[in-house]
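Side chains are part of it too, since the values below use all heavy atoms of this structure and drop only hydrogens, waters and symmetry mates. A note on names: the letters A, B, ... follow the listed sequences, proteins ahead of strands, and every chain is numbered from 1.
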Amino acid sequence: MSRPVVTRFAPSPTGYLHIGGGRTALFNWLYARGRGGKFLLRIEDTDRERSTPEATAAILRGLTWLGLDWDGEPISQFARKDRHAEVAHQMLARNTAYKCFSTQEEIAAFRAEAEARGSYALFQSPWRDADPATHPDAPYVIRMRAPRTGETVIDDQVQGRVVIQNSSLDDMICLRSDGTPTYMLAVVVDDHDMGVTHVIRGDDHLNNAARQQMIYDAMGWEIPVWAHIPLIHGPDGKKLSKRHGATGVEEYQAMGYPAAGMRNYLTRLGWAHGDAEIFTTDEAVKMFDLSGIGRAPARLDFKKLENTCGHHISMMGDAALLHELTAFMAAAGLPALTEAQKHLLGRGLYTVKERAKTFHELLDKAHFMLTSRPIVADESAAKSLDTVSRGILKSLTPRLQNVSWTKDVLEPILNDVAAENGMGFGKLAAPLRAALAGRSATPSVFDMMLVIGQDETIARLNDASQ
RNA sequence: GGCCCGUUCGUCUAUCGGUUAGGACAUCUGGUUUUCAACCAGGCAAGAGGGGUUCGACUCCCCUACGGGCUGCCA
């Protein structure tokens, strides 16, 4: 293998980027990046009815969010239709393809008849060996002159050696009667012209590979390395569909999963490298290989996704975390953070990032930094603000005046107050949480006090003790 | 219908003829704790079924079952 590695992702722009497509793209990206190769993008927009520019934009957004950068400009398959037709005619000239004048009606009738007999037969064009002199002046398609005997062997890096009997394959149409290429022809021509060395795609294309390989052979082109990966299934083991909930990559962004965690999870879904579970993208790029890909479809497991994302959120640097959090809020349609909120978050992220699995959770746990006075205690927190505890808070505030605002100083003060009131620190912490955050579950009370500062702490305690 | 692919704990997986079948998530128990999360210790839990091959099969072969894919002038 002396050729530099070139992989590609070739989505149809008929909707958003599917989570399964995102993983396919990720595998291609990892493989190329790990080998100093190129990762190309091709938009398969030859179906003019269903392709839209909005879908293309959505797919690009999804890839960008996942952090999968591609080399060069995305290629439009539709724009290359003349080249596809050219190749079809070259096949004609090489006699590896022929003109077929059978109409769609004739073919449909043939199939209907076979079905009526309860059998199934491949359509065999009567024009395969017809004398050109007998060709009518009518529309025709260009069909591949496929071998009818022997076998085609797909040497697949994931599926192994797959043998397809040529007798089970018909003479596929390469160029339609309107002169446009079929998918089968277009992929091969594009992959060849783009210099694609490794085709890593869903195993729904495994059978297609045999047909495509015939085209490579017909043109005398070098066959790429095949790697057909299993599709992702829903938690119930069925093919992933809308009823499973989120299927679009962008939905995952809106659900608050960090891209790095998403990459990690998706990489591990159907691929393994020993016991490696939590790893950075750089590590994934170094470890990733085709031999680690499993052959069975993997199910999406949101619990594990969350766990993985939790690790990544706590691993992230504050600046990167704040940056991605901001992008997430915009994507999720949440109001943007004010400068003051950003400032406070920047100081206090350390108090929440180890306890959040998603950005939604992070925001929720960061409530004490994002809210402002007067703090409204929720139902659970309000219970700990009875008359007794209010009195204690009231007695506490003067002792917080004129002291150094460090944990070393604050800790003995709070411990003293707890002891003076004959309670453990835990008992005192409850009303403090209620006063400082309005919640009963919060980060450490010391951390909260340090993050919001002396004045704000005293103000909140005063508010609560009223 | 035909052809192709797949099947290890609930889930993701390791194992590439010889292991007490390992790890992670989830779950359960105990510990720690300033609530939550985290963390620590421990537990439960797997080779779809049936035939072969072999001294020995999760691993190789065949059959069955189940799941998936392809079988378009869709991609």
Atom CZ of Phe446(A) to atom C1' of U34(B): distance rounded to whole Å? 8 Å
What's the CD1-P distance between Ile278(A) and C25(B), to the nearest Å? 8 Å
Does the base of C73(B) carry an N or O that pairs as donor and acceptor with the side chain of Thr182(A) under 3.5 Å? no
Are a donor atom and an acceptor atom from the side chains of Asn264(A) and Thr267(A) found within less than 3.5 Å of each other? no
Just verifying a value: how many Å separate Leu175(A) CG and Met91(A) CE, rounded to the nearest 0.5 Å? 10.0 Å
Donor-acceptor pair, distance only, cut-off 3.5 Å: does the side chain of Asp156(A) make one with the backbone of His228(A)? yes
Using a heavy-atom cut-off of under 4.0 Å over every strand shown, decide if Val187(A) touches base, sugar-phosphate, or nothing. nothing
Once you apply a heavy-atom cut-off of 4.0 Å, does Gln77(A) come out as touching a base, just sugar-phosphate, or nothing? sugar-phosphate
Whole-Å distance separating the CG atom of Asp301(A) from the P atom of C9(B): 14 Å
Under the salt bridge (Lys or Arg N to Asp or Glu O under 4.0 Å) test against Asp171(A), which residue among Arg145(A), Lys99(A), Arg128(A) passes? Arg128(A)
Can you tell me if Lys303(A) touches the phosphate of G10(B), counting only side-chain N or O atoms and a distance under 4.0 Å to OP1 or OP2? no
Students often get this wrong, so: under 4.0 angstrom with heavy atoms, is Arg439(A) touching a base, only sugar-phosphate, or nothing? nothing
d(CZ, Phe302(A); P, A24(B)) in whole Å: 23 Å
Pairing donors with acceptors under 3.5 angstrom, does anything connect the side chains of Arg143(A) and Ser125(A)? no
So for atom NE2, which belongs to His273(A), do other residues, nucleotides or ligands contribute more than 12 heavy atoms lying within a distance under 6.0 Å? no
Phe78(A) six-ring face occupied by Arg48(A) cation (under 6.0 Å, within 45°): yes
Can you tell me the distance, in whole Å, between the CZ atom of Arg42(A) and the C1' atom of A75(B)? 11 Å
Look at all strands and tell whether Leu206(A) reaches a base, only sugar-phosphate, or nothing, counting heavy atoms closer than 4.0 Å. sugar-phosphate
Within this structure, what is the CG-to-P distance between Asp203(A) and G6(B), rounded to whole angstrom? 10 Å
Looking only at side-chain N and O atoms, does Arg299(A) come under 4.0 Å of OP1 or OP2 in G6(B)? no
Tell me which residues in residues 148-162 of chain A put a heavy atom below 4.0 Å from RNA chain B, sorted by number, or none. Gln159(A), Val162(A)
I want to confirm an ordering. Mapping Trp271(A) and Pro443(A) to their closest nucleotides on RNA chain B, which one lands closer to the 5' end? Trp271(A)
Can you tell me whether the side chain of Lys304(A) and the base of A24(B) have a donor-acceptor pair closer than 3.5 Å? yes
Rounding to an integer number of Å, can you tell me how far Leu169(A) CG sits from G72(B) P? 10 Å
Just N and O in the side chain of Arg111(A): are any of them under 4.0 Å from OP1 or OP2 of G72(B)? yes
Between Glu361(A) and Leu175(A), the residue closer to the 5' end of RNA chain B by nearest nucleotide is Glu361(A)
Below the 4.0 Å mark, does A75(B) have OP1 or OP2 next to a side-chain nitrogen or oxygen of Thr46(A)? yes
Any donor-acceptor pair under 3.5 Å linking the side-chain atoms of Thr180(A) with those of Asp178(A)? yes
Looking at U13(B), does its base get a donor-acceptor pair with the side chain of Arg268(A) below 3.5 Å? no
Would you say that more than 12 heavy atoms from the other residues, nucleotides or ligands in this model lie under 6.0 Å from the CD of Glu283(A), or not? yes
Looking at Asp364(A) and Arg355(A), is any side-chain nitrogen of the basic one under 4.0 Å from a carboxylate oxygen of the acidic one? no
Contact list please: residues 419-430 of chain A against RNA chain B, heavy atoms, distance less than 4.0 Å, in numerical order. Phe425(A), Gly426(A)
Distance in angstrom units between Phe279(A) CZ and C25(B) C1', rounded: 14 Å
